[in-house]
Amino acid sequence: MTVTNPILQGFFMSNAEQQAQAPVQQDENQLIAERRAKLAEWRKTGKAFPNDFQRENTAAKLLDGYSEKTAEELSEMPIEVKVAGRMMLKRVMGKAAFATLQDLSGRIQVYIARDKVSEAVYEDFKHWDLGDIVGVVGVLMKTKVGELTINATEIRLLTKSLRPLPDKFHGLADQELKYRQRYVDLIMNEETRLTFRARSAIVSSIRNYMVGHGFMEVETPMMHPIPGGATAKPFVTHHNALDMQQFLRIAPELYLKRLVVGGFEKVFEINRNFRNEGLSPRHNPEFTMMEFYEAYANYHTLMDFTEGLLRHAAREALGKEVFQYQGRELDLSKPFHRLSICQAIQREQPCFTDEQLADVEFLKTKINAFGEKVKPGGLGSLQLQLFEACAEAQCWEPTFIIDYPVEVSPLARASDSNPEITERFELFIVGREIANGFSELNDAEDQAARFHEQMKAKDAGDEEAMYYDADFIRALEYGLPPTGGCGIGIDRLIMLLTDSPAIRDVILFPSMRPE
RNA sequence: GGGUCGGUAGCUCAGUCGGUAGAGCAGCGGACUUUUAAUCCGUUGGUCCCGAGUUCGAAUCUCGGCCGACCCA
C-alpha cells in the first residue's frame, strides 16, 4: 500500500517500518555502563532518586554572606546550611575529600570527612561521579587558604547522572554539540549561562520600558490563514478540524494594527516569527521580534523612541551605553545617525553625484560593480540595492536609514512630499538590520491598491510577495488613526549586547539539521 | 551554490617520511584527613566520519560522498 499523505503515513506503517523510523539506539559506552551499574546498586537500597531533600541555601548567597567571616568566627558560631547541586569537581584524599557543587547561583566547595559523615556514606560518596546531583547538610568553615567551604555532616546522592560530562577543565568545545545539547553547554560553560541570563534580563527590561511608557502587551495569532506583515516565505501547516491550510506567522503586524483600529492605541508583542529561509550566523527560521504600534505617532517619534529603548536596554543589561562588540567599540550614547538611502551611499562613495544616483543605468552598473545581481525594480528599488551592496555593512554606528521606496514598503505611508518614497526607516547597527519602522498606511483604498500590486508580483513569480488580506482591508475601512509602528529584532539586539557573533549563540535551541 | 579549514577514546587534543593508535582529563584498582584542573602508582577503553582507489602496507596519499565551522554568493 502506498500512502502519499504524510499526515496519514503513520497510521498505515507496518511494525517494521515503524521500527525503521524509531529513534536510533542511544550511544552507549563503557563509562555509561559503569554508571548504570552504580545506579542498579543504588536502586537495590529502595531509596534511589529521593525528592525529600529541601535545600535552604544557594552557593552565591552563602559566598556573599559569609566570605568575610574569619575561620575563628565561623567555628565559634557554627552556621548550619543545606545546599544541593551538581558535583563538578571531586578530590578524594584518603579519609577526607573535597567536592565542588554547582547550583543555579554558582559554585561552592564542600568538605567531606569520613568521621563526620560516617564510614558507610563516605564509601558511597567515593563512587559518585562528576555530574551527579547531591544534597549536603553541614556547617560553614574556612580552608587553609581562606575559601568558604561547607563542612558536611550529611551528604546524599539525589540524582544519578548516567552520562559523563565533558572534560572538567576544557569544557565543551564542539560548536555543534553546544547547540544540539545545550543542557551540557549550560552545565559546563559559564559564558553560555551568562549570555542567556542577559537575554532574560534584556527582554524584561524592554518589556518594563514598554509598559512604563503606557504600552499594553498583547498576544496575536501565531497561525495565520493568510501570511502577512512582511515579505518572506512562510511555513505551511494544516488544521485538521477545519481542514484548512494555515501558515506560521511571518510577522504580527496586520493583527497589531487591527488592535489599534479597535482602540488599543499603544500595543506591543514580543514573540516568535517564522520564516522559511536558510540558516546563517544572522538568520534562524524562528526568531523573536518585538513589534509595537502607537496611534498618533509617526516615523520621527518612533525613531526617537527606539533610540531611547535601545539605550535603556544597554544600560539595564550592561550598566553602560558604550561597550565592545567583537573587539570594536560601539557607542549607543551618541544620537543615532539619520540618513536617506542616497546620503548613506554618498557617505561611503562621496564621488557619486545626486544626478548619478537618479540614473537607473548608473545604478545598475554600480550594483554589478559591487558584485551583486541587479534585481528588477524601479529607481528607488535600485537605490536600495546599491545601498545594500556598498553601504549597509559599513553602518557600524547606529544609523537610521530613511525614505524607503514605496515599491518595497507595501504597508508604509507614502511621503507627502514625494509619492515614490515612504515614511519608513530601518535601523542598522554593526552593519546589521536591527529595527524597521514606519508611519503606517491607514488609507484603506491605498492599502487595497498596494495589495493588488503585490498580488501581481506574486503572479509574476515573486514567492515572497504579499497576499491580499481582505479582513485587514475591512479593518482599515473602519478607520485606523494615524499610527507609527516598529519591529525590533530581539535576537540581533541580544547579540549586540552580549557580544555574541552568531544568532545561534543567543537562541537556546537553535534550528539544526536532524542528527 | 562556491571557497577555506576541520571530523582520531566519553571530553580536550597529538599523530613526523605511508609501517598497523597516543597523551591529558574522565573511568576502574591502590596510597593519601585542608584539596583547588589535588597529587602519586597501576590499568580498561578505538567503525581513526563513510565508500572506493593507489600500495606489500593507508588515520596519513588520490577520488567521491556525509557532517560541521568560517568566508563569499
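Proteins get letters first, then strands, A, B, ... in listed order; numbering begins at 1 in each.
- A salt bridge between Arg424(A) and Glu426(A) is present, with a side-chain N of the basic residue lying under 4.0 Å from a carboxylate O of the acidic one.
- In summary, the side chains of Asp185(A) and Thr192(A) do present a donor paired with an acceptor at a separation below 3.5 Å, with no hydrogens or angles considered.
- You'll find that the side chain of His127(A) is closest to G29(B), out of A26(B), A37(B), G29(B).
- With respect to Arg36(A) and Glu28(A), a salt bridge is recorded, a charged nitrogen being found less than 4.0 Å from a carboxylate O.
- In this structure, Lys61(A) forms no cation-pi arrangement with Tyr66(A), as its terminal cationic atom is not both closer than 6.0 Å to the ring centre and no more than 45° off the ring axis.
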- Whether each nucleotide of nucleotides 67-73 of chain B has a protein heavy atom under 4.0 Å at its base (B), only at its sugar-phosphate (S) or at neither (-) is summarised, 5' to 3', as SSS-S-S
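- There is a side-chain donor-acceptor pair under 3.5 Å between Asp499(A) and Gln326(A).
- Here the side chains of Ile345(A) and Leu357(A) are in contact, with some heavy-atom distance below 4.5 Å.
- Taking atom P in both G7(B) and U16(B), one finds a spacing of 12 Å when rounded to whole Å.
- Between the CD1 atom of Ile187(A) and the P atom of G10(B) there is a distance of 19 Å, given to the nearest Å.
- Put simply, NZ on Lys90(A) is 16 Å from P on C32(B), counting in whole angstrom units.
- For the 3.5 Å distance criterion, the side chains of Gln454(A) and Asp462(A) fail to qualify, holding no donor opposite an acceptor.
- One atom, NZ of Lys126(A), and another, P of G29(B), lie 10 Å apart when rounded to the nearest Å.
- Each of Leu165(A) and Asp129(A) was matched to the nucleotide of RNA chain B holding its nearest heavy atom; the match closer to the 5' end belongs to Leu165(A).
- Only at 4.0 angstrom or more do the heavy atoms of residues 70-87 of chain A sit from any atom of RNA chain B, so none qualifies.
- Here, C49(B) and G1(B) have their C1' atoms 24 Å apart, quoted to the whole Å.
- Side-chain contact, Arg249(A) with Asn273(A): a donor N or O sits under 3.5 Å from an acceptor N or O.
- Leu382(A) places a side-chain heavy atom less than 4.5 Å from the side chain of Lys364(A).
- Taking a 4.0 Å limit (strictly below) on heavy-atom distances, residues 32-44 of chain A reaches RNA chain B at Glu34(A), Lys38(A).
- The aromatic ring centroids of Phe428(A) and Phe400(A) lie 6.0 Å or more from each other.
- Classified by interplanar angle (parallel below 30°, tilted 30° to 60°, perpendicular above 60°), the ring pair Tyr325(A)/Trp396(A) is tilted.
- If you take CG of Asp167(A) and P of U12(B), they are 8 Å apart, rounded to a whole angstrom.
- Aromatic ring orientation, Tyr467(A) versus Phe247(A): tilted (interplanar angle from 30° to 60°).
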Between protein and nucleotides 33-35 of chain B, what N or O pairs are separated by less than 3.5 Å?
residue : atom : partner   : partner atom : Å
U33(B)  : OP2  : Lys95(A)  : N            : 3.2
U33(B)  : O2   : Tyr111(A) : OH           : 3.1
U33(B)  : N3   : Asp115(A) : OD2          : 3.4
U33(B)  : O4   : Asp115(A) : OD2          : 2.7
U34(B)  : O2'  : Lys144(A) : NZ           : 3.2
U34(B)  : O2   : Lys144(A) : N            : 3.1
U35(B)  : O2'  : Arg91(A)  : NE           : 3.2
U35(B)  : O2   : Arg91(A)  : NE           : 2.5
U35(B)  : O2   : Arg91(A)  : NH2          : 2.7
U35(B)  : O2   : Gln109(A) : OE1          : 3.2
U35(B)  : N3   : Gln109(A) : OE1          : 2.9
U35(B)  : N3   : Gln109(A) : NE2          : 2.9
U35(B)  : O4   : Gln109(A) : NE2          : 2.6
U35(B)  : O4   : Thr143(A) : OG1          : 3.2

- Apply salt bridge (Lys or Arg N to Asp or Glu O under 4.0 Å) to the pair Asp491(A) and Arg199(A), showing each step before the final yes or no. CA-CA 9 Å; Asp491(A) 308 287; Arg199(A) 180 175 179 127; 2.9 Å; yes
Which donor-acceptor pairs under 3.5 Å do the side chains of residues 92-102 of chain A make with protein atoms, sequence neighbours left out?
residue   : atom : partner   : partner atom : Å
Gln102(A) : OE1  : Arg107(A) : NE           : 2.8
Gln102(A) : OE1  : Arg107(A) : NH2          : 3.2
Gln102(A) : NE2  : Ile187(A) : O            : 2.9

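- The closest side-chain donor-acceptor pair between Asp115(A) and Tyr122(A), if any, does not fall under 3.5 angstrom.
- When the P atom of U12(B) is taken as reference, atom NZ of Lys178(A) falls 11 Å away, rounded to whole Å.
- Checking C61(B) for Watson-Crick or G-U wobble geometry (two distances, each under 3.5 Å) identifies G53(B) as its partner.
- Across A52(B) and C66(B), the matching C1' atoms stand 15 Å from one another, rounded to whole Å.
- Going from the P atom of G29(B) to that of U12(B) covers 26 Å, rounded to whole Å.
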Find every protein N or O atom lying less than 3.5 Å from an N or O atom of nucleotides 39-46 of chain B, and list the pairs.
residue : atom : partner  : partner atom : Å
U44(B)  : O2'  : Gln30(A) : NE2          : 3.4
U44(B)  : O2   : Gln30(A) : OE1          : 3.1
U44(B)  : O2   : Gln30(A) : NE2          : 2.7
G45(B)  : O4'  : Gln30(A) : OE1          : 3.0

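- Salt bridge annotation for Glu286(A)-Arg272(A): present, with a cationic side-chain nitrogen under 4.0 angstrom from a carboxylate oxygen.
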